[in-house]
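We're numbering straight along the sequence, starting at 1.
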Amino acid sequence: KSEFEAVKQFLDGLLQELWAVGHPARCIVIPGNHDVWRTTAAHPKGYWPGLHRLQDFDDVFGSGSFVLKDIPEAARQHLEPMSLSDLYRTRGSSKEKASHENERSRKICEYFPSFQLALLKLDSNVRTSKFLPPHFARGFVGRPQRDVCERILHDYEQATAKTTIRFSDANRVALLHHHVTRLPNVDLEDWMLMKDAGEVARWLAHMGVRLILHGHYHRADFMGLTYW
């Protein structure tokens with residue numbers, strides 16, 4: 001947890017530097033395989049810690065999206081993602097439950113009407129077995145997570161259907177740690193490529209995503225994909 005806190009302090013420092021020159025900004029982070037568990041040869045028991053794999057990550061980063069606390073509200077208003085609380089209230093949720101549902105939705109997708117930008121935040125560290133050690137170097141998103149994401153995107157579309165700025169017209173960007181296609185000149189690609197990479201890539205295209213930002217393999221690259 002101390003490592004996450006150090007990273008949070010570093011990122012806050014970057015946000016502070018931007019604010020010092022008049023640029024309020026929001027930072028968004030998603031977990032990678034080494035953020036989930038220590039899965040290196042030096043920590044083989046890292047496969048088997050507590051049930052909540054992302055507890056430390058969640059304690060430090062919350063929804064994975066934050067701004068500096070000392071930035072005035074007026075200066076950061078355009079950086080606030082749209083809330084779905086009103087939509088959930090119309091469906092019968094209490095104020096407290098609607099707020100909880102909104103926070104849960106924000107962990108999957110954040111929509112910024114000021115920029116017509118929607119960010120899909122996927123966890124590509126899903127386990128494929130409850131009993132066998134996970135191969136987190138490969139990664140996995142899974143159908144259940146994609147189903148949840150589709151429901152949340154539908155919620156945004158419903159909430160903005162009668163507004164002048166609609167979610168359906170937003171530029172959609174996906175954030176996930178593992179890459180969804182083979183990269184050129186990469187060693188151990190059969191080990192590194194996400195298990196459901198092709199399935200997820202096609203699904204993201206179907207969801208209207210036009211840009212995927214990923215990490216995992218420590219090499220900068222750019223590639224275009226087309227799905228018909």
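In the hydrophobic clustering of ILVMFWY residues, with side-chain heavy atoms under 4.5 Å counting as a link, Leu18 and Leu14 come out apart. Criterion: ILVMFWY side-chain heavy atoms under 4.5 Å apart, direct or through other members. Under it, Leu117 and Val67 are part of a common hydrophobic cluster. Both Val173 and Leu79 sit in one connected hydrophobic cluster of ILVMFWY residues. Membership requires side-chain heavy atoms under 4.5 Å apart, directly or through other members.
If you check the side chains of Glu101 and Ser93, you find a donor sitting under 3.5 Å from an acceptor. Using modelled atom types and a 3.5 Å distance limit, the side chains of Gln158 and Arg91 yield a donor-acceptor pair. When only modelled atom types and interatomic distance are considered, Ser105 and Tyr156 share no side-chain donor-acceptor pair under 3.5 Å. Counted by atom type alone, Ser63 and Ser65 present zero donor-acceptor pairs between their side chains at under 3.5 Å. For the residue pair His177 and Asn125, no side-chain donor N or O sits within less than 3.5 Å of a side-chain acceptor on the partner.
Thr181 is not listed as a side-chain neighbour of Leu193, based on a closest heavy-atom distance of 4.5 Å or more. Taking the side chain as every heavy atom from C-beta outward, Asn102 and Arg106 approach each other to under 4.5 Å. With contacts defined as side-chain heavy-atom distances shorter than 4.5 Å, the pair Pro31/Phe61 does not qualify. Here the side chains of Leu120 and Cys149 are in contact, with some heavy-atom distance below 4.5 Å. Between Ile28 and Glu110 there is a side-chain heavy-atom pair separated by less than 4.5 Å. With contacts defined as side-chain heavy-atom distances shorter than 4.5 Å, the pair His179/Met194 does not qualify. At a threshold of 4.5 Å between non-hydrogen side-chain atoms, the residues Glu103 and Lys107 do not count as touching. Leu204 has its side chain within reach of Ile212: a pair of non-hydrogen atoms, C-beta onward, lies under 4.5 Å apart.
Of all heavy-atom pairs spanning Ala205 and Arg210, the tightest one is O-NH1, 3.7 Å. Across Phe167 and Ala118, no two heavy atoms sit closer than the pair CE1-CB, 3.5 Å. Pairing each heavy atom of Arg76 with each of Leu68, the nearest pair is NH1-O, 3.2 Å. Nearest heavy atom pair, residue Pro24 against residue Ala75, reads CG-O, 3.4 Å. Looking at every heavy atom in both residues, Tyr111 comes nearest to Ala170 through CE1-CB, 3.7 Å. Of all heavy-atom pairs between Asp196 and Gly142, the closest is OD2-N, 2.9 Å.
Under a cut-off of 6.0 angstrom, the local environment of NE2 in His78 is crowded, with over 12 non-hydrogen atoms contributed by other residues, nucleotides or ligands.
The only option from Lys195, Arg146, His178 that meets the side-chain contact (heavy atoms from CB on, under 4.5 Å) definition with Val141 turns out to be Arg146.
Between Arg143 and Asp147, at least one side-chain N (NZ, or NE/NH1/NH2) sits under 4.0 Å from a carboxylate O, which counts as a salt bridge. For the pair Lys8 and Asp12, the salt-bridge criterion is met [side-chain N within less than 4.0 Å of a carboxylate O]. Ionic pairing of Arg166 and Glu157 is not present here: no N-O contact between side-chain nitrogen and carboxylate oxygen is shorter than 4.0 angstrom.
Not counting sequence neighbours, Phe66 has no partner by the ring-ring contact (aromatic ring centres under 6.0 Å, His included) test. For the ring-ring contact (aromatic ring centres under 6.0 Å, His included) test, no residue two or more places apart in sequence or in another chain qualifies with Phe140.
A donor-acceptor contact shorter than 3.5 Å links the side chain of Arg172 to the backbone of Met207. In this structure, Thr160 contributes its side chain and Thr163 its backbone to no donor-acceptor pair below 3.5 Å. Proximity of a side-chain donor or acceptor of Thr90 to a complementary backbone N or O of Leu87 within less than 3.5 Å is detected.
Put simply, CD1 on Ile108 and CG on Leu153 are 9.5 Å apart, with the number rounded to the nearest 0.5 Å. If you take CG on Leu11 and CD on Gln9, they are separated by 10.5 Å, rounding to the nearest 0.5 Å. Atom NZ of Lys95 sits about 10.5 Å away from atom CG of Asp86, to the nearest 0.5 Å. Put simply, OG on Ser94 and NE2 on His100 are 10.5 Å apart, with the number rounded to the nearest 0.5 Å. Asp123 CG to Asn33 CG: the interatomic distance, rounded to the nearest 0.5 Å, is 10.5 Å. With rounding to the nearest 0.5 Å, the separation of CG in Asp56 from CD in Glu5 is 8.5 Å.
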